[in-house]
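All residue numbers refer to positions in the sequence shown, counting from 1.
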Amino acid sequence: MVKQDRAIRTRRNILEAAAKIFEERGYQAATIAEILSTAGVTKGALYFHFESKEQLAQGVLHEQDQRFVIPDRACKVQELADVVLLHAYRLQSDPMVRAGVRLTMDQHAEGLDRSGPFLRWSTICRQLLEQAQAQGELLPHVIPSVTADIMVSTFAGVQSMSQTTTDYQNLRFQTSALLRHLLPSIAVPSVLASLDLTESRGKTVHDEIRHQLQPQPATAVR
């Protein structure tokens, strides 16, 4: 168990170092030597967990989605908005997410399959839209698979522009504005009136999830 815990910590340390280098340098310019130096591990330790720079990059792309799962909401359009607003908040505060997005958007990353995050996002959005449709939350013309792809591609554009112009400083505002523009063409008016699409919503959801993930104190036995 001790060795397993140490291996988990080492792998995490390597991924965090790789995320830092990938975000700063991009995929092509990043080197294994830089990642080793940043992580403070041996080459053998790194190659035990990751066989190549491409595997490291895929690890970062995968890791960004793993630790935060949106709680179920009665309103699935709100749950969809929460997914987007949380991601915007984490882009401002989580280096792993920033690195993952940098890799996903990096058109110079030759040989790296960058489709995974786009496909995962599209699947998540489509499933939530299908659930919202089943609950009568969507307008009749909405086709969940089409709308999901439009939302993902539009949000990707907002992220890219925000990163280029303000280093993500205005991303929460822009994401809130994006949803306030898109959702009226998707959701029925009664649902729209109940939604929280404010800039602060992402942080609220983040704090809610963090609280749920914290170990709860044991109940005293009487």
**Q** Tell me whether Leu183 is reachable from Ile150 by hopping between hydrophobic residues (I, L, V, M, F, W, Y) whose side-chain heavy atoms are closer than 4.5 Å.
**A** no

**Q** Report the C-alpha separation of Thr204 and Leu85 in whole Å, then their side-chain angles, then the decisive distance to 0.1 Å, and conclude whether the side-chain contact (heavy atoms from CB on, under 4.5 Å) test is met.
**A** CA-CA 10 Å; Thr204 299; Leu85 292 165; over 6 Å; no

**Q** For the residue pair Ala148 and Arg126, what are the closest heavy atoms and their distance?
**A** CB-N, 3.5 Å

**Q** Contact between Val97 and Gln92 at the side-chain level, heavy atoms closer than 4.5 Å - yes or no?
**A** no

**Q** For residues Leu195 and Cys75, determine if any side-chain heavy atom of one lies less than 4.5 Å from a side-chain heavy atom of the other.
**A**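 Yes, side chains in contact.
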
**Q** How close do Ala132 and Val77 get, heavy atom to heavy atom, and via which atoms?
**A**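 Heavy atoms of Ala132 and Val77 come nearest at CB-CG2, 4.0 Å.
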
**Q** State the CD1-CG distance between Ile35 and Asn13, to the nearest 0.5 angstrom.
**A** 11.5 Å

**Q** Minimum heavy-atom separation for Ala19 to Pro95, with atom names?
**A** CB-O, 4.3 Å

**Q** Quick one: which of Val191, Ile186, Val188 gives a side chain to side chain contact (heavy atoms under 4.5 Å, CB included) with Leu139?
**A**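 Looking at Val191, Ile186, Val188, the match for Leu139 under the side chain to side chain contact (heavy atoms under 4.5 Å, CB included) is Val188.
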
**Q** Does this structure show an ion pair linking Arg73 with Glu137, if we count only N-O contacts that are shorter than 4.0 Å?
**A** no

**Q** With rounding to the nearest 0.5 Å, note down the distance linking CG in Leu15 to OG1 in Thr10.
**A** 11.0 Å

**Q** So do Leu197 and Thr175 actually touch side chain to side chain, heavy atoms under 4.5 Å?
**A** no

**Q** Let me know which of Thr166, Thr165, Leu171 forms a side chain to side chain contact (heavy atoms under 4.5 Å, CB included) with Gln169.
**A** Thr166

**Q** With side chain to side chain donor-acceptor pair (under 3.5 Å) as the rule and sequence neighbours excluded, what pairs involving residues 35-56 come up?
**A** none

**Q** Can Met96 and Val60 be said to form a side-chain contact (heavy atoms from CB on, under 4.5 Å), step by step?
**A** CA-CA 7 Å; Met96 190 69 70; Val60 171; 3.9 Å; yes

**Q** Is there a side-chain contact between Pro117 and Arg120, using heavy atoms and a 4.5 Å cut-off?
**A** yes

**Q** Supply the atom-to-atom distance Arg102 CZ to Leu61 CG, rounded to the nearest 0.5 angstrom.
**A** 12.5 Å

**Q** Name all pairs fulfilling the ring-ring contact (aromatic ring centres under 6.0 Å, His included) condition that reach into residues 126-179, sequence neighbours left out, sorted by first residue then second.
**A** His87-Phe155, Trp121-Phe155

**Q** What distance separates Gln174 CD from Met161 CE, expressed to the nearest 0.5 Å?
**A** 6.5 Å

**Q** Suppose we screen for side chain to side chain contact (heavy atoms under 4.5 Å, CB included). Which residues come up paired with Thr198, at least two apart in sequence or across chains?
**A**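 Testing Thr198 for side chain to side chain contact (heavy atoms under 4.5 Å, CB included), a comparison that skips the adjacent residues, returns Asp196, Ser200, Arg201.
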
**Q** Which pair of non-hydrogen atoms, one from Ala45 and one from Ile14, has the smallest distance, and what is that distance?
**A** O-CD1, 4.0 Å

**Q** Could you list the residues that satisfy salt bridge (charged side-chain N to carboxylate O under 4.0 Å, His left out) with Glu23, not counting sequence neighbours?
**A**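 Glu23 satisfies salt bridge (charged side-chain N to carboxylate O under 4.0 Å, His left out) with Arg98 once adjacent residues are dropped.
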
**Q** Any non-hydrogen side-chain atom of Leu138 less than 4.5 Å from a side-chain atom of Thr147?
**A**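 Sidechains of Thr147 and Leu138: no contact.
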
**Q** Going from CD1 on Ile21 to CG on Leu56, what distance comes out if it is rounded to the nearest 0.5 angstrom?
**A** 11.0 Å

**Q** What heavy-atom pair brings Asp113 and Gly116 nearest, and what distance separates the two atoms?
**A** OD1-N, 4.4 Å

**Q** Taking side chain as C-beta onward, heavy atoms only, is Arg11 less than 4.5 Å from Phe48?
**A**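 No, too far: nothing below the 4.5 Å cut-off.
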
**Q** Looking at SG of Cys125 and CD of Glu130, how far apart are the two atoms once the value is rounded to the nearest 0.5 Å?
**A**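 If I round to the nearest 0.5 Å, the distance is 11.5 Å.
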
**Q** Apply side chain to side chain contact (heavy atoms under 4.5 Å, CB included) to Pro189 and list each qualifying residue two or more places apart in sequence or on a separate chain.
**A** none

**Q** Hydrophobic cluster membership, with links at side-chain heavy-atom distances under 4.5 Å among I/L/V/M/F/W/Y: are Ile124 and Tyr89 in one?
**A** no

**Q** For the residue pair Glu34 and Glu24, establish whether any side-chain heavy-atom pair is separated by less than 4.5 Å.
**A**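 The answer is no, as the side chains (C-beta and beyond) never meet within the 4.5 Å cut-off.
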
**Q** Is any NZ, NE, NH1 or NH2 atom of the basic residue among Glu16 and Lys20 found under 4.0 Å from an Asp or Glu carboxylate oxygen of the other?
**A**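 Not counted as a salt bridge, because no side-chain N and carboxylate O are separated by less than 4.0 Å.
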
**Q** Whether the side chain of Ser176 engages the backbone of Arg172 through a donor-acceptor N/O pair (distance < 3.5 Å, no angle test) should be reported.
**A**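 No.
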
**Q** Nearest heavy-atom pair of Ala109 and Arg114: which atoms, and what distance?
**A** CB-CD, 4.0 Å

**Q** What pairs with Ile143 under side chain to side chain contact (heavy atoms under 4.5 Å, CB included), at least two apart in sequence or on another chain?
**A**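 Partners of Ile143 by the side chain to side chain contact (heavy atoms under 4.5 Å, CB included) criterion, ordered by chain and then number, come out as Ser145, Val146.
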
**Q** Hey, is the main chain of Ala177 close enough, under 3.5 Å, to the side chain of His181 for a donor-acceptor pair?
**A** yes

**Q** Is the shortest heavy-atom distance from the side chain of Met151 to the side chain of Leu80 under 4.5 Å?
**A** yes

